[in-house]
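One structure is given below, encoded as structure tokens.
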Amino acid sequence: MTILVALLARVVGASLARTLTPVLLILAACAALWGAVGWHGRQVEALRAEIRDELAAEAEAAADAAELAAAWRVYTATRAAGDQLATARADAERGAEAMRAALARYIEDNPHAPSDCSVSPDLLLLLR
């Protein structure tokens, strides 16, 4: 403070320098506080921006996870439908084989068609 008084004393006089020095120091302290508040505000905004970015990244990851889960549900449903179709096909093939066997037994058991039937045993063999 004495250095500031000595510098101001040359310009404005000693008594005015002793009066202006505390005022200038208070103004300097206010400016420093103003700068600190501004710096703190910028830091807070930077942290808020970082938090917003992280939340956006988490939301995007959650959306990706939901999309992946939906795709997995579609895959499992498609796979289950394929398994059901395979089972139905196997059942149909077993049923067709049973019908063929029954037709073959019928042809063997009835070598001649009855008079009211116009289907010949040869035709039945061809249909088999």
Side-chain angles (χ1 to χ4, degrees):
M1 188 161 135
T2 52
I3 296 173
L4 188 58
V5 170
L7 289 174
L8 282 176
R10 290 184 187 170
V11 178
V12 293
S15 64
L16 187 58
R18 276 186 239 118
T19 306
L20 285 178
T21 300
V23 172
L24 290 175
L25 288 175
I26 290 171
L27 287 175
C30 287
L33 285 175
W34 184 281
V37 167
W39 176 82
H40 184 264
R42 287 188 300 275
Q43 293 292 36
V44 168
E45 286 303 317
L47 288 174
R48 284 182 183 163
E50 185 179 331
I51 289 170
R52 275 193 303 268
D53 291 344
E54 288 178 10
L55 287 175
E58 286 179 14
E60 186 176 339
D64 289 345
E67 185 178 341
L68 182 62
W72 180 255
R73 285 191 299 274
V74 168
Y75 167 74
T76 54
T78 304
R79 187 171 175 188
D83 291 345
Q84 287 177 346
L85 285 174
T87 302
R89 180 179 178 188
D91 291 343
E93 287 175 354
R94 281 193 296 274
E97 188 59 38
M99 290 297 290
R100 280 191 214 102
L103 181 60
R105 279 193 308 276
Y106 176 78
I107 291 171
E108 288 176 7
D109 292 344
N110 300 301
H112 302 289
S115 62
D116 61 341
C117 180
S118 63
V119 178
S120 69
D122 296 331
L123 181 60
L124 288 174
L125 284 173
L126 288 175
L127 291 175
R128 188 171 74 158

Would Glu45 and Arg42 pass as an ion pair if we require N to O under 4.0 Å? no
Asp83 side, atom CG; Thr78 side, atom OG1 - distance, nearest 0.5 Å: 11.0 Å
For residues 51-67, which side-chain donor-acceptor pairs fall under 3.5 Å, sequence neighbours excluded?
none

Note: Glu108-Arg105 ion pair, threshold 4.0 Å (strictly below): no
Tell me the ring pair (Phe, Tyr, Trp, His ring centres under 6.0 Å) pairs involving residues 53-78, sequence neighbours left out? Trp72-Tyr75
Rounded at 0.5 Å granularity, tell me how far CZ in Arg73 sits from CG in Leu68. 10.0 Å
